[in-house]
Amino acid sequence: MKINESILYPIGVVAKMFGISVATLRLYENEGLILPQKSKGQHRSYTDKDIQRIACIRDMINEKGLNLAGIRMVFSTLPCWKIKNCSEEERQNCPAYQDSQDPCWISKNADSVCGTEDCSICPVYSEFADCRNIKHILKKYWNPSSIQDPLKV
DNA sequence: ATTCTGACA
DNA sequence: TGTCAGCA
C-alpha cells in the first residue's frame with residue numbers, strides 16, 4: 001500500500017522537502033512545469049504525484065543541465081492527441097496538436113476536447129510524474145506503424 | 001503563522 | 001530567484 005496515497009501538502013512543506021523556496025515552486029508553476037490544485041481560497045495543494053514530478057524537475061536542472069524552458073519543451077513533446085484519442089477533426093482544431101511548443105495543458109484552447117478539463121488530473125500530465133520514464137510510457141501510445149510517417153501521427 | 005498575487009532589486 | 005507589500 002502507498003502510505004501517502006491521498007495526502008496533500010501545502011507549498012511551504014514541499015519547499016522544505018526540496019530545500020527550495022516557495023517562490024521557486026510558484027515559478028515552476030508559472031513556467032508551466034507543474035499544476036498543483038488549488039484549495040480554499042487560492043492555496044496550492046501538492047499531491048505525491050506533484051512531489052515526484054518536482055523531484056524530476058530538480059534532477060533535470062541539477063544533473064541534466066536543462067533550464068526551465070528546456071524542461072517545458074520536453075513536456076511539450078508528449079503526444080496528448082494519442083493519449084486522449086482525439087479525432088482527426090479535434091486535432092485540426094487543437095493548438096497542442098498543431099503548432100504548440102508548450103505543454104498541452106497551457107496551450108489548449110476553450111473549444112478543444114480538453115477545454116473544460118482540469119489538466120492536473122489528466123493522464124497527459126499525471127502519467128508523466130516520473131519524467132525519467134517518458135520514453136517508456138510513450139511506447140504504450142505509439143503504435144509501430146506511426147513511425148513510418150511521424151509528421152502525420 | 002502561512003499563503004496569495006503582483007511588482008521589482 | 002529573492003523579497004516586499006497588503007490581504008485573507
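Lettering follows sequence order; numbering is per chain, from 1. Just so we're clear, the structure is a prediction, and the values are computed from it rather than from any experiment. Computed from heavy atoms alone, side chains included, the values below leave out hydrogens, waters and symmetry copies.
Among the atoms of the strands shown, base atoms are found under 4.0 Å from some heavy atom of A/Leu27.
Relative orientation of the A/Trp105 and A/Phe75 rings is tilted, given thresholds of 30° and 60° on the angle between their planes.
Rounded to an integer number of Å, the gap from A/Asn67 CG to C/dT1 C1' is 14 Å. The nearest whole Å value for the distance from the CD atom in A/Gln42 to the C1' atom in B/dT2 is 15 Å. Remark: C1' of C/dA8 and NZ of A/Lys38 are 14 Å apart, rounded to the nearest angstrom. Remark: P of B/dA1 and NZ of A/Lys16 are 12 Å apart, rounded to the nearest angstrom. A/Leu25 places its CG atom 9 Å from the P atom of C/dT1, with the value rounded to the nearest Å. Distance, A/Asn30 CG to B/dG6 P: 9 Å, rounded to whole Å. The nearest whole Å value for the distance from the CD1 atom in A/Ile11 to the P atom in C/dA8 is 20 Å. Taking atom OH of residue A/Tyr46 and atom C1' of nucleotide B/dC4, one finds them 11 Å apart after rounding to whole Å.
For the residue pair A/Val124 and A/Cys104, the shortest heavy atom distance occurs at CG1-SG, 3.4 Å.
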Next on the checklist: As a quick check of understanding, evaluate side-chain hydrogen bond (donor to acceptor under 3.5 Å, both in side chains) for A/Tyr125 and A/Asp50, giving each step before the final call.
Outcome noted: CA-CA 10 Å; A/Tyr125 172 80; A/Asp50 291 317; 3.0 Å; yes
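Base pairing annotation: C/dC7 forms no Watson-Crick or G-U wobble pair, as no partner gives both donor-acceptor distances under 3.5 Å.
Nearest-nucleotide positions on DNA chain C for A/His43 and A/Ile61 put A/Ile61 closer to the 5' end.
Within the 4.5 Å cutoff, side-chain heavy atoms of A/Ile121 are placed close to those of A/Gln37.
Ranking B/dT3, B/dT5, C/dT1 by closeness to the A/Pro10 side chain, first place goes to B/dT3.
OP1 or OP2 of B/dT3 has not a single side-chain nitrogen or oxygen of A/Arg44 nearer than 4.0 Å. Contact check, A/Ser21 against C/dT1: no side-chain N or O comes under 4.0 Å of OP1 or OP2.
In this structure, A/Gln101 places its CD atom where only 12 or fewer heavy-atom neighbours from other residues, nucleotides or ligands lie under 6.0 Å away.
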